[in-house]
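All residue numbers in this chain count up from 1 along the given sequence.
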Amino acid sequence: MATEIHPAPFLLLFRNGGIEAHRHLTRDERAQLARRWNDWYEGLAARGKVQHGQPLELHGRVVSGPRGEKVTDGPYAEAKEVVAGYLYLSVADLDEATEIARGCPGLPLGLTVEVRPVAAVSPVLNEVCGRPPAAAERAG
């Protein structure tokens with residue numbers, strides 16, 4: 001009897017993807033890189049490996065303090081910490097998610113990809129559960 005593989009959710013977080021990483025590229029090189037990113041995403045989507053993904057704006061805020069009283073523009077202490085975007089994957093395991101991350105078109109520019117399993121329940125607070133996207137709740 002064959003073992004059925006159930007896809008697991010993983011998040012790829014793209015770091016060090018700010019302006020500095022792309023500043024040296026010509027207009028044509030930027031266009032080629034954008035095509036490689038789009039082709040990479042579309043290939044993953046066609047194979048059912050990616051559920052969604054988005055680039056993130058370079059600005060935002062950081063909220064901290066016991067009551068959220070500290071709000072600072074940022075959100076980054078240094079450029080290497082910039083999270084430039086994410087992909088939400090549905091793959092067999094960490095090895096497959098890692099192999100997908102190794103195909104990231106931004107790696108040659110110094111971008112790094114953090115590969116993280118998405119937990120159904122917080123590993124720290126067991127009472128905190130994941131929630132489905134709002135669109136899935138409305139459709140169901």
Heavy-atom donor-acceptor pair, Asn16 side chain to Gly110 backbone, under 3.5 Å:
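Yes.
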Donor-acceptor pair, side chain of Glu20 and main chain of Gly18, under 3.5 angstrom
no
Co-membership, hydrophobic cluster, residues [X] and [Y], 4.5 Å side-chain:
X      : Y      : answer
Val113 : Leu56  : no
Val124 : Val128 : yes
Leu44  : Leu94  : yes

Using the six-membered ring wherever Trp is involved, compare the ring planes of Tyr86 and His52 and label them parallel, tilted or perpendicular (cut-offs 30° and 60°).
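Perpendicular.
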Scan Val50, Val118, Val91, Ile100 and name whichever one has a side chain to side chain contact (heavy atoms under 4.5 Å, CB included) with Phe10.
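Per the side chain to side chain contact (heavy atoms under 4.5 Å, CB included) rule, the option paired with Phe10 is Val91, out of Val50, Val118, Val91, Ile100.
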State whether the number of non-hydrogen atoms from other residues, nucleotides or ligands found under 6.0 Å of Arg30 atom CZ is greater than 12.
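More than 12 heavy atoms, drawn from other residues, nucleotides or ligands, come within 6.0 Å of this atom.
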For [X] and [Y], which heavy atoms make the closest approach, and how far apart are they?
X      : Y      : value
Glu29  : Leu25  : OE1-CA, 3.3 Å
Ser122 : Asn126 : O-OD1, 3.4 Å
Ala92  : Ala8   : O-CB, 4.4 Å
Leu111 : Cys104 : CD2-SG, 3.6 Å
Asp73  : Arg61  : OD1-NE, 3.3 Å

[atom1]-[atom2] distance between [X] and [Y], expressed to the nearest 0.5 angstrom:
X      : Y      : atom1 : atom2 : result
Asp28  : Leu33  : CG    : CG    : 12.5 Å
Leu109 : His24  : CG    : NE2   : 5.0 Å
Glu96  : Thr98  : CD    : OG1   : 10.0 Å
Thr112 : Leu12  : OG1   : CG    : 11.5 Å
Leu89  : Arg116 : CG    : CZ    : 14.0 Å

Test side chain to side chain donor-acceptor pair (under 3.5 Å) applied to His22 - qualifying residues, sequence neighbours left out:
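Result, side chain to side chain donor-acceptor pair (under 3.5 Å) vs His22: none returned.
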State which residues pass side chain to side chain donor-acceptor pair (under 3.5 Å) with Arg36; sequence neighbours excluded, sorted by chain then number.
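Counting only residues at least two positions away or on another chain, Arg36 forms no side chain to side chain donor-acceptor pair (under 3.5 Å).
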Test log, rule side chain to side chain contact (heavy atoms under 4.5 Å, CB included), inputs Phe14 and Leu87
CA-CA 9 Å; Phe14 304 108; Leu87 291 183; 3.8 Å; yes
Could you go step by step and tell me if Glu114 and Leu11 meet the side chain to side chain contact (heavy atoms under 4.5 Å, CB included) rule?
CA-CA 8 Å; Glu114 183 177 341; Leu11 196 64; over 6 Å; no
